[in-house]
Amino acid sequence: MKKLIEAVLNAKRTVALTGAGVSTLSGIPDFRGPQGMYRNPEAEKIFDIDWFDRDPGVYYRGCRELVYGFEKFRPGPVHLALKQLEDAGRLAGIATQNIDMLHQKAGSSNVWELHGSPLWHHCRICGKSATFEQVCSQLKAGAEVARCVCGGALKPDITFFGEMLPEEALIAAQSAAIGADVMMVLGTSLTVFPAAGLPNLTLQAGGKVFIVNAQPTALDRYAAGRYPDLREFAEAVKNALA
Ligand code: APR
Ligand code: ZN
């Protein structure tokens, strides 16, 4: 981990790409890890737009705890370590694939949410918006699916399979990746594009990529450093900034 820390402390511009692995330390399951959500083949339907329009209950049943129970989850050691790096002026921003808003809860200010977030929902019939809180209160009152006054299902502004990514976040993250001399890839299997293509932009622009992930990834052989444990990463950052 020493090589990663030294690179970050001496870099002109470091960015991070985070995935579900960083939130497993907060108690939120990842997708493809050994305890991941996708062990249940049905789970892939949860974030599929065709399934949502066929039966929004597939999403709402699958995410009742995971998404609408977010307020009980706290930022984990990696979220806090990235906030510390930002406070120390050693992190320009975080491109995250996560929808749990834990980077913001940790106080990070430059977060590009590549797969959107459930902060806002929109009606699939009339497009009317609803807040995360409004949806949570419908669910708490016993609704199986949160609905608009017109009866349409309320869909979170999370990027479902079959949908385009939020353009603004993607463009900001791509330019940050090109401009970075160091990218830390933290807790992602690097299997879902275009997010998984960001480290290549840093490499192609001459930057270095460091990967911290328990399972192997397709970019391991191009990494300047590759480590298996996110807790160890967070510990190393804390000690380096102490
Ligand atoms: N230390 C190191 N690595 C860990 C830890 C840990 N404590 N916990 C989990 N990981 C690793 C897992 O080994 C796994 O390779 O984090 C990785 C998480 O990978 P995925 O579950 O595939 O999550 P992610 O890469 O974020 O998925 C990308 O897929 O389903 C879609 O839109 C969803 O944003 C998600 C996207
Ligand atoms: Zn409506």
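As the structure lists them, so they are numbered: ligands from 1, and atoms in each ligand from 1. Predicted model only: the values in this text are computed from it and were never measured.
- Ring geometry for Tyr38 against Phe161 counts as tilted: the plane angle lies between 30° and 60°, on a 0 to 90° scale.
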Next item on the list: Report the C-alpha distance between Lys3 and Glu6 in whole Å, list the side-chain angles of each, state the deciding distance to 0.1 Å, and finish with yes or no for salt bridge (Lys or Arg N to Asp or Glu O under 4.0 Å).
Entry: CA-CA 5 Å; Lys3 204 175 156 200; Glu6 265 164 25; over 6 Å; no

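- Remark: minimum distance from atom 30 (O) of ligand 1 to any protein heavy atom is reached at Tyr38 OH, 2.7 Å.
- Under a hydrophobic-cluster definition in which Ile, Leu, Val, Met, Phe, Trp and Tyr are linked whenever side-chain heavy atoms come within less than 4.5 Å, directly or via other members, Leu165 and Ile46 are assigned to different clusters.
- Contact between Ala195 and ligand 1 is absent, with no heavy atom of the residue lying under 4.0 Å from the ligand.
- Nearest to atom 10 (N) of ligand 1 among the protein's heavy atoms is Gly21 CA, 3.8 Å.
- Here atom 7 (N) of ligand 1 lies nearest to Leu25 when heavy atoms of Val22, Ile158, Leu25 are compared.
- The number of heavy atoms from other shown groups lying within 6.0 Å of NZ (Lys12) does not exceed 12.
- Of all the heavy atoms of Phe47, none lies under 4.0 Å from any atom of ligand 1, so neither backbone nor side chain is involved.
- When hydrogens are left out, the protein atom nearest atom 31 (C) of ligand 1 is Arg32 NH2, 3.7 Å; that is the closest non-hydrogen contact.
- Annotation: the span from Ile99 atom CD1 to Asp157 atom CG amounts to 11.5 Å, rounded to 0.5 Å.
- Distances from atom 18 (C) of ligand 1 to the heavy atoms of Ala43, Ser23, Gly187 show the closest one on Gly187.
- With distances taken over non-hydrogen atoms, the option nearest atom 23 (O) of ligand 1 out of Gly19, Pro29, Ala20 is Ala20.
- Between Tyr59 and Phe160, the ring planes lie tilted relative to each other; the angle falls in the 30° to 60° range.
- Checked by distance only, ligand 1 and Asp229 stay at 3.5 Å or farther apart across all their nitrogen or oxygen atoms.
- One distance of note links CD of Glu235 with CG of Asp229; it measures 10.5 Å at 0.5 Å rounding.
- Residue Thr188 holds the heavy atom nearest to atom 24 (P) of ligand 1 of all those in Thr188, Ile46, Thr191.
- The protein atom (non-hydrogen) at minimum distance from atom 14 (C) of ligand 1 is Gln215 OE1, 3.1 Å.
- Residue Phe233 places no heavy atom under 4.0 Å from ligand 1.
- In terms of protein heavy atoms, atom 33 (C) of ligand 1 is closest to Phe31 CE1, 3.7 Å.
- In this structure, the protein non-hydrogen atom closest to atom 9 (C) of ligand 1 is Asp30 OD2, 3.3 Å.
- For ligand 1, one of its N or O atoms has an N or O atom of Gln97 under 3.5 Å away.
- Residue-to-ligand polar distances keep Val192 apart from ligand 1: every N/O pair is separated by 3.5 Å or more.
- In Lys83, the NZ atom is crowded: over 12 heavy atoms of neighbouring residues, nucleotides or ligands sit closer than 6.0 Å.
- Between the CZ atom in Arg90 and the CD atom in Gln84 there is a gap of 14.0 Å [rounded to 0.5 Å].
- The backbone and the side chain of Leu230 each have at least one atom closer than 4.0 Å to an atom of ligand 1 (non-hydrogen atoms only).
- One distance of note links CG of Asp181 with NZ of Lys208; it measures 8.5 Å at 0.5 Å rounding.
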Check: Can Arg124 and Asp53 be said to form a salt bridge (Lys or Arg N to Asp or Glu O under 4.0 Å), step by step?
Finding: CA-CA 8 Å; Arg124 290 298 281 172; Asp53 287 337; 2.8 Å; yes

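- In terms of polar-atom proximity, defined here as any N/O pair under 3.5 Å, Ala214 does make such a contact with ligand 1.
- Atom 20 (P) of ligand 1 has its nearest heavy-atom neighbour, among Ser189, Ala196, Pro216, Ala234, in Ser189.
- Taking the Zn ion (ligand 2) as the apex, the angle formed with SG of Cys126 and SG of Cys148 is 110°, to the nearest 10 degrees.
- Ring centers of Phe31 and His115: at least 6.0 Å apart, outside the cut-off.
- The aromatic rings of Phe52 and Tyr60 sit tilted relative to each other, their planes meeting at an angle between 30° and 60°.
- Closest to atom 2 (C) of ligand 1, if we only count protein heavy atoms, is Pro228 O, 3.0 Å.
- For atom 34 (O) of ligand 1, the nearest non-hydrogen atom of the protein is His115 ND1, 2.9 Å.
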